[in-house]
Amino acid sequence: MSPAKSNAKDPAMTLDKNFDPAAIETRWYEHWENKGLFRPERDDREPFTIVNPPPNVTGSLHIGHALDNTLQDIIIRHERLKGKDALWVVGMDHAGIATQMVVERQMNERQQKRTDFTREQFVEKVWEWKEESGGAITKQLRRLGCSMDWSNERFTMDEGMNEAVLKVFVDLYNDGLIYRDKRLVNWDPALKTAISDLEVETVDTKGSFWHFKYPLADGVTLDNGQDYIEVATTRPETMLADMAVAVHPSDERYKSLIGKEIEQPITGRRFKIVADEHADPELGSGAVKITPGHDFNDFEVGKRAGFAASEMLNMLDGEANVCQTADGLVPDEYIGLHRFRKDGVDGARERVVQQLKEQGFLIPHVSKNKDGEQVEHDAEPRTIATPFGDRGGVVIEPWLTDQWYVDAETLAQPAIKAVRDGDIEIVPKSWEKTYFNWMENIQPWCVSRQLWWGHRIPAWFGPEIIDGEASDSGSKIFVGMSEADVIKKARAYYPSKYEIAFGDTPEGLSADFVNLVRDPDVLDTWFSSALWPFGTLGWPEQTKDLERHYPNDLLISGFDILFFWDARMAMQGIQFMKEVPWKRLYLHGLVRAEDGSKMSKSKGNVVDPLGLIDQYGADALRFFMAAMESQGRDIKMDDKRVEGYRNFATKLWNASRFCEANGIGASKTLAAPEATLPVNRWIISEVVETQQALDKALTDLRFDAAANTIYHFTWDRFCDWYLELIKPVLQGEDAGTADETRMVAGWVLDQIIVMLHPFMPFITEELWHAMGDRKYDLIVAQWPAPKAAVDADAKSEVDWLIKLISGVRSTKVELNIPPGTKMSAHVCDGDDHLQAKVTRQHAALERVGRLETISFDPAPDGPSAQIVVDGATYVLPLAGAIDIDAEKARLNKALEAAQKEAKSLGGRLGNPNFVEKAKPEAVEKARADLADKEAEAGRLQAAIDRLG
RNA sequence: GGGCGUAUAGCUCAGUGGUAGAGCACUUCGUUGACAUCGAAGGGGUCGGGAGUUCAACUCUCUCUACGCCCACCA
């Protein structure tokens, strides 16, 4: 059964004259999927497993996906063809922030906002959006030809994954590996949520460095009588929450001031000058203002200075507008201002600078202008490494909040060991160092997000019992798989006089009941995707899939998510499965624009893979990705190259048409046919070598080498030589050899189709069926098993044939002889062996080489061209006038090349050190090569002499 | 500040301890029924600079230069 359409002009031919990818791709994809061929029943076979990095439900296929998924599909199709129970797990990521943003944006367009709805209503709307508009990418992955197991498509928020996430959270909590802590987090004021360190992108931006006088209180002065200490900052607005000034303990200038106080000019707050190593005497004035609530360094300094996190002043609200600090010292006119200039309105930063300037506390920056005159500025211009949220796009604010943290340091240890011990092999190996470096310096992972879309944290807060009575602290935490679970735990905690109730809003406590309020936060999306390798296989249930397919064999991902995803899978996988998630981790690079720059929407240089598929076909795009993927390098986009692989597909198409027209069809055997003709034995040998090279390349994850191997075999060996050489056989009178050749050619074409299938699944499936009736589809066919060895004699004979024909051709071009001219040759120094070869190959020599006769008689006198191949000289008499000078020049060029090589080899062999110290094989080879080259030079010289 | 990577033909890139390869581009020729999305034949590189190890280095080591990326608390 073949869905191939047959609208060929020639009714005897199945294949159209032209190959049109668009005409076959959809058809074959639907065929495979409908027949369930992406996951054939193979419970008895060796499993092979890859999980696909779940794309965002909001996403659409970009060029990076095309690369990532092509590579995975090549591997999974290869393993499937090798007969394994190949499983490629697929699904989508709920992408908390991204998805919530998309839905909120849609609401904004309708003049609505998230907070117009209840949380439940909003989440319901997100689900609706997901059902209607989400997952466009899954259709696009199908267009690329990816053979993942759609029948078990997963979602990071489906029931099974929810279960897994819950259990992981609860177990980690019970083991003390998840905890709640109050500390500074990266706060995104646009999204109003905490984000993890990894989601912060530091960008160099132009900023200012302001210098201020901080007046010393109580009439204290420096030795020089100065009544202030100079501090400098890039963030003057944080002065509203300054709690100290730090100087280096050994800084002589300020030693006397340690312990003395500052009176902050705007807030009037008094605080101490403290000694701390953090202050760098070399930098600025050597004194640094300390804002523990709004700076990561200052937070640490503040702790060392004796402030508890709960005492640290906060002056910003969730949207980074100024709010009153706990001590009430922020002047009213600042309350509500944005942290800095926004929408053309000055913010706290500008206001602070202005006020201090007016009060005389600003120390101007002095610089020289073009004319050498001194000019004063408010601040020194400076490049500042500024943190931005990777989603929200605004400057991140270090903000003091309570959040949930994963003890990544503990989880990292076995994950580090797994790579060290080789339980996980990272390919290319150079990434190991990056992995170790990050893992060994890993910080607590902030996993709570102040969003509505995501896995809600299974933690409930209740009043703490103090002295047998419920306090109003709300700081007692219950973590459980369900409310029932939590009730049980709460019951055990609270004295029996208390009833326990759940409520979403804390109510005033009555004497006889306590409210448990669920944490409103959700988990970081990466928290759930970290469980992908086992959560998708059924965990926490002990399913058969889990048993068979965990650990996965391989993970392919871009290096850009090594920390986000790969490393966290390693940690969680080992923690919960006691085994690594995958045996190998392959990291590929980025696909860059043609000019080498990073593709980005803002630059407008994004290449749409679907456009390339439309233009050149999915097969061509896939082959491009494979051919360009060499380990450890980014890929530069190159349309011309994609076009080249489209041409390759066309070439194969036409070769198949040739076969079909000549009665060559589907092979009946898996093993190579028995063959007698050298050309057939030769091509079988080439298949054997190609298959070995291809398997090795794929095992080594050398996609480029794999692609090039099959490309060159198909085009250079099979099309350019084999098909040409068998033409005379197919049209010859000997029915026996013609039949043998048809068998062999059909078998070789089958091997090509199978070996090429992982790279170009569509055209190969089409050809597979077009070439004859098949018992099964190519996608589940068998990988080549030629059961044949390389035939050295056949190889040597065909190599000679190719050299001779090539020699004749280049001679003609160089002597300006029309290529179609038929010639005859006389052999000098030929032996019986050569005579036998000539006899066997006379048809090919005549048809392909245009040598009508090859005589072993001496050549007649007269003008001739001469070719030296493998120890014999072929003299080609020329009918017309020969350009003697051109022929001499040609022969001389060859002679010089041979002499040059002979000289080099001779020189090497003349060096006693070489003969003594080099490997014997190397010496032996040099001797043999020298003999060959000298003989060749001799023949060429003789040929030149003959010309007179 | 630390780490990693890359520098090979006009362009994009492979490559091996023993005198350099591919695709595209370029030149010349070609419509003998698979293919002009093609065929044939060519031109083109002191393998970033320097030093070292070695009989031998494009390949190993060091160093310099240029570019790229990642991580990091310089107010």
Side-chain angles (χ1 to χ4, degrees), chain A residues 13 15 17-19 197 202 209 231-235 238 246 278-280 282-291 295-301 384-385 428 430-434 436-438 441 559-560 562-563 589-590 592 594 596-598 616 620 624 627-628 630 632-641 643-662 702 704-705 708 711-712 719-720 723-724 727 805-806 809-814 816 818-820 847 850 900-901 903-905 907-908 911-919 922-923 925-926 929:
Chain A
M13 295 279 284
L15 295 170
K17 179 145 170 50
N18 292 309
F19 169 53
D197 298 348
T202 308
F209 196 44
V231 293
T233 181
T234 57
R235 300 203 54 200
T238 61
H278 167 65
D280 180 354
E282 304 293 311
L283 201 64
S285 66
V288 56
K289 65 189 251 339
I290 300 297
T291 322
D295 183 280
F296 288 101
N297 288 314
D298 294 4
F299 180 80
E300 297 302 325
V301 176
I384 302 166
S430 54
W431 282 102
E432 275 188 1
K433 207 156 184 174
T434 306
F436 289 136
N437 190 44
W438 189 70
N441 296 292
F559 62 70
D560 51 330
L562 173 60
F563 305 145
L590 250 49
R592 296 178 167 276
E594 203 130 5
S597 64
K598 219 164 162 173
Y616 302 111
F624 167 79
M628 298 305 287
S630 63
R633 206 196 252 268
D634 286 347
I635 290 178
K636 272 189 199 131
M637 202 52 231
D638 182 358
D639 283 17
K640 293 290 287 179
R641 192 128 180 178
E643 185 184 358
Y645 293 125
R646 187 273 319 263
N647 295 352
F648 175 57
T650 307
K651 184 77 182 176
L652 176 67
W653 184 265
N654 283 312
S656 304
R657 290 180 65 235
F658 169 80
C659 289
E660 190 182 29
N662 283 279
R702 286 308 308 247
D704 54 346
N708 286 328
Y711 177 96
H712 287 292
C719 291
D720 286 350
L723 291 185
E724 292 306 319
K727 279 177 183 174
I805 293 171
S806 299
R809 286 172 176 169
S810 53
T811 302
K812 280 181 180 168
V813 168
E814 282 171 59
N816 280 320
R847 168 89 182 250
R850 313 226 162 246
K900 193 180 158 204
E901 282 199 47
K903 193 180 164 195
S904 161
L905 288 161
R908 207 189 306 163
N911 180 350
N913 282 326
F914 173 68
V915 182
E916 284 164 28
K917 295 184 184 171
K919 284 178 293 186
V923 178
K925 186 176 183 305
D929 288 351

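By convention in this document, chain letters (A, B, ...) are assigned in the order of the sequence lines, proteins followed by strands, and residues within each chain are numbered from 1.
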message = Under 4.0 Å, counting only non-hydrogen atoms across every strand here, what does A:Lys900 touch: a base, just sugar-phosphate, or nothing?
response = base
task = Hey, which sits more toward the 5' end of RNA chain B by its nearest nucleotide, A:Gly286 or A:Asp929?
result = A:Asp929
key: Flag, side chain of A:Ser656 to backbone of A:Leu652, donor-acceptor distance under 3.5 Å   = yes
request  = Measure the distance from CD on A:Glu814 to P on B:A41 and round it to the nearest whole Å.
outcome  = 11 Å
task = Look at A:Lys636 together with A:Asp634 and state whether they make a salt bridge at an N to O cut-off of under 4.0 Å.
result = no
A:Ile290 side, atom CD1; A:His278 side, atom NE2 - distance, nearest 0.5 Å = 5.0 Å
Distance in Å, A:Asp704 CG paired with A:Met628 CE, rounded so as to fall on 0.5 Å steps = 9.5 Å
remark   = Between the CZ atom in A:Phe296 and the CG atom in A:Asp197, the distance rounded to the nearest 0.5 Å is 7.0 Å
request  = Report which part of the nucleic acid A:Ala649 touches: base, sugar-phosphate, or nothing (heavy-atom distance under 4.0 Å, all strands).
outcome  = nothing
request  = Evaluate the side-chain proximity of A:Trp653 to A:Asn18: yes if any heavy-atom separation is below 4.5 Å, no if none is.
outcome  = no
note = Sorted by chain and residue number, the side-chain hydrogen bond (donor to acceptor under 3.5 Å, both in side chains) partners of A:Ser597 (sequence neighbours excluded) come out as A:Asp595, A:Asn605
ask   = Hey, is the side chain of A:Glu724 pairing donor to acceptor with the base of B:A40 inside 3.5 Å?
value = no
request  = Look at the side chain of A:Asp280 and decide which nucleotide, out of B:U37, B:C74, B:A41, has an atom nearest to it.
outcome  = B:C74
ask   = Toward the 5' end of RNA chain B, which comes first, A:Ile384 or A:Ala705, by nearest nucleotide?
value = A:Ala705
inquiry  = Rounding to an integer number of angstrom, what distance separates B:C24 and B:A41 when you compare their P atoms?
reply    = 15 Å
ask   = Between B:A14, B:U12, B:U19, which one does the side chain of A:Lys636 approach most closely?
value = B:U12
query = At under 4.0 Å between heavy atoms, what does A:Cys659 touch on the DNA or RNA strands: base, sugar-phosphate, or nothing?
reply = nothing
ask   = Expressed in angstrom and rounded to an integer, what is the separation of A:Leu723 atom CG from B:G33 atom P?
value = 16 Å
ask   = Side-chain contact, heavy-atom cut-off 4.5 Å: A:Lys289 with A:Thr238?
value = yes
inquiry  = Reading 5' to 3' and counting Watson-Crick or G-U wobble pairs with both distances under 3.5 Å, write the dot-bracket notation for RNA chain B, | for bases paired outside the strand.
reply    = (((((((..((((....[..)))).(((((.......))))).....(((((..]....))))))))))))....
Distance-only criterion, 3.5 Å: show the donor-acceptor pairs between side-chain atoms of residues 643-651 of chain A and protein atoms not counting sequence neighbours.
residue	atom	partner	partner atom	Å
A:Tyr645	OH	A:Arg641	NE	3.3
A:Tyr645	OH	A:Arg641	NH2	3.3
A:Thr650	OG1	A:Arg646	O	3.1

task = Show your reasoning for whether side-chain contact (heavy atoms from CB on, under 4.5 Å) applies to A:Arg592 and A:Met637.
result = CA-CA 6 Å; A:Arg592 296 178 167 276; A:Met637 202 52 231; over 6 Å; no
query = Do A:Lys17 and A:Arg657 pass the side-chain contact (heavy atoms from CB on, under 4.5 Å) test, and can you show the C-alpha distance, the side-chain angles, and the key distance before you say yes or no?
reply = CA-CA 8 Å; A:Lys17 179 145 170 50; A:Arg657 290 180 65 235; 4.1 Å; yes
request  = For B:U19 and B:G23, measure between their C1' atoms and round to the nearest Å.
outcome  = 25 Å
request  = Spell out protein contact along nucleotides 55-61 of chain B as letters: B when the base is contacted, S when just the sugar-phosphate is, - when no protein heavy atom is under 4.0 Å; keep the 5' to 3' order.
outcome  = B------
ask   = Quantified in whole Å, what is the P atom distance between nucleotide B:U59 and nucleotide B:A9?
value = 15 Å
task = To the nearest Å, give me how far apart NZ (A:Lys17) and P (B:C38) are.
result = 13 Å
inquiry  = Which heavy atom of A:Phe559 sits nearest to which heavy atom of A:Leu590, and what is that distance?
reply    = CE2-N, 4.1 Å
Integer angstrom distance from the P of B:U37 to that of B:C26 = 15 Å
ask   = B:A72 P sits how many Å from A:Phe436 CZ, rounded?
value = 19 Å
key: Spacing between A:Glu643 atom CD and B:C38 atom C1', to the nearest angstrom   = 13 Å
query = Which nucleotides of nucleotides 23-31 of chain B have their base under 4.0 Å from a protein heavy atom (B), which only their sugar-phosphate (S), and which neither (-), written as one string 5' to 3'?
reply = BSS------
Nucleotide B:A75, atom P - distance to CZ of A:Arg235 in whole Å = 12 Å
query = When rounded to the nearest Å, what value does the distance between P atoms of B:C13 and B:G33 take?
reply = 41 Å
ask   = Roughly how far, to the nearest 0.5 Å, is CG of A:Asp639 from OH of A:Tyr616?
value = 5.0 Å
message = Need one value for A:Lys903: base, sugar-phosphate or nothing, where a base atom within 4.0 Å counts as base even if backbone is also close, heavy atoms only.
response = nothing
key: Pairwise P distance for B:G50 and B:C73, with rounding to whole Å   = 41 Å
Note, A:Asp929 side chain near A:Glu901 side chain (heavy atom, < 4.5 Å) = no
request  = Pick base, sugar-phosphate or nothing for A:Arg657, based on heavy-atom distances below 4.0 Å to the nucleic acid.
outcome  = sugar-phosphate
key: Separation of B:C35 P from A:Phe658 CZ (nearest whole Å)   = 10 Å
Distance-only donor-acceptor test, A:Lys651 side-chain atoms vs B:C35 base atoms, 3.5 Å = yes
task = Mind listing the closest non-hydrogen atom pair of A:Val288 and A:Ala279 along with its distance?
result = CG1-CB, 4.0 Å
message = Between B:G5 and B:C74, how many Å separate the two P atoms, rounded to a whole number?
response = 24 Å
Polar atoms only, N or O, under 3.5 Å: list the protein pairs with nucleotides 67-71 of chain B and their distances.
none

message = Any base atoms under 4.0 Å from A:Glu916, or only sugar-phosphate, or nothing? Heavy atoms, all strands.
response = nothing
inquiry  = Counting the atoms with a prime plus P, OP1 and OP2 as sugar-phosphate, which does A:Arg702 contact under 4.0 Å by heavy atoms, base, sugar-phosphate, or nothing?
reply    = sugar-phosphate
ask   = Which distance, rounded to the nearest 0.5 Å, do you find between the NZ of A:Lys919 and the NZ of A:Lys925?
value = 11.5 Å
query = For A:Lys727 and B:G39, what is the distance between atoms NZ and P respectively, to the nearest whole Å?
reply = 11 Å
task = Could you grab the distance from atom OG of A:Ser810 to atom CD1 of A:Ile805, nearest 0.5 Å is fine?
result = 12.0 Å
ask   = Within the structure shown, what part of the strands sits under 4.0 Å from A:Gly907 by heavy-atom distance: base, sugar-phosphate, or nothing?
value = nothing
request  = Report which part of the nucleic acid A:Ala655 touches: base, sugar-phosphate, or nothing (heavy-atom distance under 4.0 Å, all strands).
outcome  = base
ask   = Is there a donor and acceptor pair closer than 3.5 Å between the side chain of A:Arg633 and the base of B:U6?
value = no
key: Whole-angstrom distance between B:U8 and B:C47, as gauged at atom C1'   = 4 Å
